[in-house]
Amino acid sequence: MRPPRPPNRKPTRGAAKLAEPKIARHLATTPHEFAVTRFEQGLICAAAAFYRFYGVLLGREGRVRNISGQDNAILQQIMAASRPLAVTDIARFANRDDIANIQYSLKKLLRAGLIEKAGRTSARETSYVVTEIARHWTQDFLKLRRQLFTDPAAQLPDFDDQLEKSAHLLNLVAGFYDHGTRVMSGAEQMADARPQPKPRG
């Protein structure tokens, strides 16, 4: 019988290649840019995984009614609010400016019977509150969220501390992105306001 291989053997070339982080090389010309790019790619994947997870936790009823993770995030935001929320409230809390997409999510939640109109917060804006159906759905959602994420994560050493640091880092990074967006928007507005030279002739 051939003796078993020792467990601490070197990985094959293919395995080592798979372990290397894959990043967009054109975005990383320095070690700092490499770190930023790797973080951004992780952020993209984490955001997609989060919304996919929030969608699937609504189960079959959510799938039948085409309620996505983005829709569920808005539903939980309305659920947590101490007063009815309008579109601008939802956009402000989530740092979003895609008002049309928020309105589309609200229409889906209305059709599913998960929210209802609560009146107008201004001359133009309608506010929304959750229904009893939403409260029932959320109980199941929270049960699965605990089972599949929060309870297992609580077993990891120092996980809450890491989450707190990550939340601080994400807020800091969001500040950089928002500042850059404002700078670029202002530069474009200034460029549009400049008088255009008259054509010669």
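Quick note: residue numbers are just sequence positions, from 1. These numbers come from the heavy atoms of this one structure, side chains and all, not from hydrogens, waters or symmetry mates.
Two different hydrophobic clusters hold Phe34 and Leu43 under the rule that ILVMFWY side chains link at heavy-atom gaps under 4.5 Å. Taking hydrophobic clusters as Ile, Leu, Val, Met, Phe, Trp and Tyr residues chained together by side-chain heavy-atom distances below 4.5 Å, Leu144 shares a cluster with Leu142. With hydrophobic clusters built from ILVMFWY side chains whose heavy atoms lie under 4.5 angstrom apart, Val173 shares a cluster with Leu170.
Listed by first then second residue, pairs satisfying ring-ring contact (aromatic ring centres under 6.0 Å, His included) with a partner in residues 159-181 number zero, not counting sequence neighbours. Sorted pairs that involve residues 142-154 and meet salt bridge (Lys or Arg N to Asp or Glu O under 4.0 Å), not counting sequence neighbours, are lacking altogether. Pairs of residues two or more places apart, or lying in two chains, that qualify as ring-ring contact (aromatic ring centres under 6.0 Å, His included) and include a residue from residues 51-89 are Phe50-Tyr54, Tyr54-Phe141.
With sequence neighbours left out, the side-chain contact (heavy atoms from CB on, under 4.5 Å) criterion links Thr29 to Glu33. Listed by chain and residue number, Arg65, Trp137 satisfy the side-chain contact (heavy atoms from CB on, under 4.5 Å) test with Glu61 (two or more places apart in sequence, or in another chain). Every residue two or more places apart in sequence or in another chain that forms a salt bridge (Lys or Arg N to Asp or Glu O under 4.0 Å) with Lys165 is listed here: Asp161. Listed by chain and residue number, Glu132 satisfy the salt bridge (Lys or Arg N to Asp or Glu O under 4.0 Å) test with Arg135 (two or more places apart in sequence, or in another chain). In terms of the side-chain contact (heavy atoms from CB on, under 4.5 Å) criterion, residue partners of Asp178 (sequence neighbours excluded) are, by chain and number, Asn95, Arg182. A search for side-chain contact (heavy atoms from CB on, under 4.5 Å) contacts involving Ala174 returns nothing, not counting sequence neighbours. Listed by chain and residue number, Arg96 satisfy the salt bridge (Lys or Arg N to Asp or Glu O under 4.0 Å) test with Asp98 (two or more places apart in sequence, or in another chain).
Shown here for Gln162 and Pro157, the closest heavy-atom pair between the two residues is NE2-O, 3.5 Å. For Ile78 against Tyr128, the heavy-atom pair with the smallest separation is CG2-O, 3.6 Å.
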Please assess Asp140 against Leu58 for the test side-chain contact (heavy atoms from CB on, under 4.5 Å), listing each intermediate value before the final yes or no. CA-CA 8 Å; Asp140 294 336; Leu58 294 178; over 6 Å; no
side-chain contact (heavy atoms from CB on, under 4.5 Å) between Arg83 and Asp89: does it pass, once the steps are laid out? CA-CA 11 Å; Arg83 60 177 177 82; Asp89 299 317; 3.3 Å; yes
Can you give each donor-acceptor pair under 3.5 Å made by side-chain atoms of residues 102-116, sequence neighbours left out, with the distance rounded to 0.1 Å?
from: Ser105; atom 1: OG; to: Asp71; atom 2: OD1; distance (Å): 2.6
from: Ser105; atom 1: OG; to: Asn101; atom 2: O; distance (Å): 3.4
from: Lys108; atom 1: NZ; to: Asn66; atom 2: O; distance (Å): 2.9
from: Lys108; atom 1: NZ; to: Asp71; atom 2: OD2; distance (Å): 2.7

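Between the side chain of Asn171 and the backbone N or O of Ala167, at least one donor-acceptor pair lies under 3.5 Å.
Of the candidates Ile74, Leu85, Thr138, Thr138 is the only one forming a side chain to side chain contact (heavy atoms under 4.5 Å, CB included) with Met79.
Clustering of Ile, Leu, Val, Met, Phe, Trp and Tyr side chains at separations under 4.5 Å leaves Met184 isolated, with no partner residue.
Using a 4.5 Å heavy-atom threshold, the side chains of Leu57 and Leu148 count as touching.
A distance of 13.5 Å separates CG of Leu75 from CD of Gln70, quoted to the nearest 0.5 Å.
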